[in-house]
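Throughout, protein chains are lettered first and strands after them, A, B, ... in sequence-line order, and every chain is numbered starting at 1.
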Protein chains: 2
Amino acid sequence: MGLTKSEIFTDQQNEISTFAKAFAHPARVAILQHLFNIDTCVCGDLVNEIGLAQPTISQHLKELKQLGLIKGNIEGTSVCYCINKENWAQMKDILSPFLNQDIIKKATCC
Amino acid sequence: MGLTKSEIFTDQQNEISTFAKAFAHPARVAILQHLFNIDTCVCGDLVNEIGLAQPTISQHLKELKQLGLIKGNIEGTSVCYCINKENWAQMKDILSPFLNQDIIKKATCC
DNA sequence: GATATTAATCGTAATATTGCAATGAACAAA
DNA sequence: TTTGTTCATTGCAATATTACGATTAATATC
């Protein structure tokens with residue numbers, strides 16, 4: 001069927017997987033890293049930086065924007081994309097407890 | 001088309017996205033959370049805990065095992081799955097710097 | 001041996017994702 | 001107004017992912 005059964009999972013589990021999905025493609029990782037390292041950024045920059053076609057980059061940017069991890073302002077003919085710091089912090093608040101959880105009990109079986 | 005161009009990205013970017021992919025499905029998040037909270041765990045347990053069919057759970061477990069995030073020992077008729085603590089720590093060492101990076105410069109555009 | 005239990009594997013269907021050529025929309029410069 | 005630039009959108013093809021019924025493999029129990 002190929003359709004994730006989101007309704008059987010908790011909101012927290014769905015949130016974690018949704019944010020993880022944002023990072024589940026190296027192009028989006030590269031885009032975010034570049035946005036962190038440069039102050040201002042247009043899409044054309046990213047096309048040169050990353051070796052993918054312009055529509056592909058645009059699509060990845062759209063996904064990141066829909067998730068709220070980046071925001072973009074129109075600047076004349078170009079568009080200025082940057083990290084949405086507030087939402088990035090919120091994302092970390094959701095992912096960090098999951099990544100940093102500890103094992104409560106330890107059985108002998110493994 | 002439909003094929004991620006891994007070769008144009010750095011090893012680090014590919015590693016981050018590969019681990020993120022492990023968490024990009026709520027069922028795998030739920031499986032990992034359950035393994036953290038219980039000392040020993042068999043596949044049947046997970047089928048009851050999560051509302052997916054046994055082959056589906058088995059497939060998700062296989063992916064997590066291939067990534068090294070969990071390990072499983074055969075215990076008679078059942079299988080004992082648990083978190084691979086060493087590899088989990090290694091995964092955190094790769095993901096944390098990415099999640100915790102700070103913006104170096106801040107332009108006025110956004 | 002026969003039967004039951006547990007989990008992996010196979011096969012298949014449905015949906016999602018990735019990538020890009022072609023096109024379109026918006027705006028700046030000539 | 002025409003031309004060029006920049007990025008979004010559309011449409012499509014190829015691959016990946018998700019899910020599960022049916023089956024198989026392995027082991028325990030009778």
Side-chain angles (χ1 to χ4, degrees), chain A residues 1-9 13-14 17-18 20-31 34-35 40-67 70-82 109-110, chain B residues 1-9 13-14 17-18 20-31 34-35 40-67 70-82 109-110:
Chain A
M1 325 216 168
L3 175 61
T4 297
K5 292 186 164 181
S6 306
E7 68 278 6
I8 67 171
F9 301 104
Q13 288 162 346
N14 282 314
S17 64
T18 300
K21 211 172 287 180
F23 309 137
H25 195 285
R28 290 192 291 270
V29 171
I31 287 171
H34 195 245
L35 287 181
T40 176
C41 194
V42 292
C43 180
D45 248 20
L46 288 165
V47 174
N48 295 331
E49 191 75 19
I50 304 165
L52 293 173
Q54 180 265 324
T56 309
I57 300 289
S58 191
Q59 191 177 312
H60 284 305
L61 285 169
K62 189 181 173 186
E63 286 169 47
L64 291 172
K65 199 176 178 182
Q66 275 174 341
L67 260 175
I70 64 173
K71 50 185 173 182
N73 290 342
I74 295 166
E75 296 269 323
T77 38
S78 66
V79 175
C80 170
Y81 275 111
C82 61
C109 68
C110 289
Chain B
M1 346 259 146
L3 175 61
T4 297
K5 290 186 163 180
S6 306
E7 69 279 6
I8 68 172
F9 301 104
Q13 288 162 347
N14 282 315
S17 64
T18 300
K21 212 171 286 181
F23 309 137
H25 194 286
R28 290 192 291 271
V29 171
I31 287 171
H34 194 245
L35 287 181
T40 176
C41 194
V42 291
C43 180
D45 248 20
L46 287 165
V47 174
N48 295 333
E49 190 76 19
I50 305 165
L52 293 172
Q54 181 266 323
T56 309
I57 299 288
S58 190
Q59 193 175 309
H60 284 305
L61 285 169
K62 189 182 174 185
E63 286 169 46
L64 291 172
K65 199 175 177 182
Q66 274 173 341
L67 260 175
I70 64 173
K71 50 185 173 182
N73 289 343
I74 296 166
E75 294 272 322
T77 37
S78 66
V79 176
C80 169
Y81 275 111
C82 61
C109 67
C110 291

With side chain to side chain contact (heavy atoms under 4.5 Å, CB included) as the test, would you mind laying out the steps for A:Cys43 and A:Val79 before giving the verdict? CA-CA 7 Å; A:Cys43 180; A:Val79 175; 5.7 Å; no
Of the nucleotides C:dA7, D:dT9, D:dA8, which one has an atom closest to the side chain of B:Cys43? C:dA7
Please find the pair of heavy atoms, one from A:Ala27 and one from A:Ile50, that lie closest to each other, and give the distance.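 Closest pair (atom of A:Ala27, atom of A:Ile50, distance): O-CD1, 4.1 Å.
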If I take atom [atom1] in residue [X] and atom [atom2] in nucleotide [N], what distance separates them, rounded to the nearest angstrom?
X       : N      : atom1 : atom2 : result
B:Glu7  : C:dT18 : CD    : P     : 15 Å
A:His25 : C:dA16 : NE2   : P     : 17 Å
A:Leu3  : C:dA14 : CG    : P     : 12 Å
A:Ile31 : C:dG19 : CD1   : C1'   : 13 Å

Taking CD1 in B:Ile8 as the centre, count heavy atoms belonging to other residues, nucleotides or ligands within less than 6.0 Å. Is the count above 12? yes
Kindly list each side-chain donor-acceptor pair under 3.5 angstrom involving residues 52-63 of chain A, sequence neighbours excluded, with atom names and distances?
unit_1: A:His60; atom_1: ND1; unit_2: A:Arg28; atom_2: NH1; d: 3.0
unit_1: A:Glu63; atom_1: OE1; unit_2: A:Arg28; atom_2: NH1; d: 2.9

Distance test, side-chain N/O of A:Lys5 to OP1/OP2 of D:dC20, below 4.0 Å: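 It does, given that an N or O in the side chain of A:Lys5 lies less than 4.0 Å from OP1 or OP2 of D:dC20.
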Any B:Tyr81 side-chain nitrogen or oxygen under 4.0 Å from OP1 or OP2 of C:dT6: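 Checking C:dT6 against B:Tyr81, no side-chain N or O comes under 4.0 Å of OP1 or OP2.
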Need one value for B:Val42: base, sugar-phosphate or nothing, where a base atom within 4.0 Å counts as base even if backbone is also close, heavy atoms only.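 Counting heavy atoms under 4.0 Å across all strands, the contact made by B:Val42 is with sugar-phosphate only.
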When all nucleic acid strands are considered with a 4.0 Å heavy-atom cut-off, which category describes A:Lys21: base, sugar-phosphate, or nothing? sugar-phosphate
Take nucleotides 25-30 of chain D nucleotide by nucleotide from the 5' end and write B, S or -, depending on whether a protein heavy atom sits under 4.0 Å from the base, only from the sugar-phosphate, or from neither. --BS--
Kindly state which residues belonging to residues 50-61 of chain A come within less than 4.0 angstrom of DNA chain C, counting heavy atoms of the residue only, listed by number.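 Within residues 50-61 of chain A, the residues near DNA chain C are A:Leu52, A:Ala53, A:Pro55, A:Thr56, A:Gln59, A:His60.
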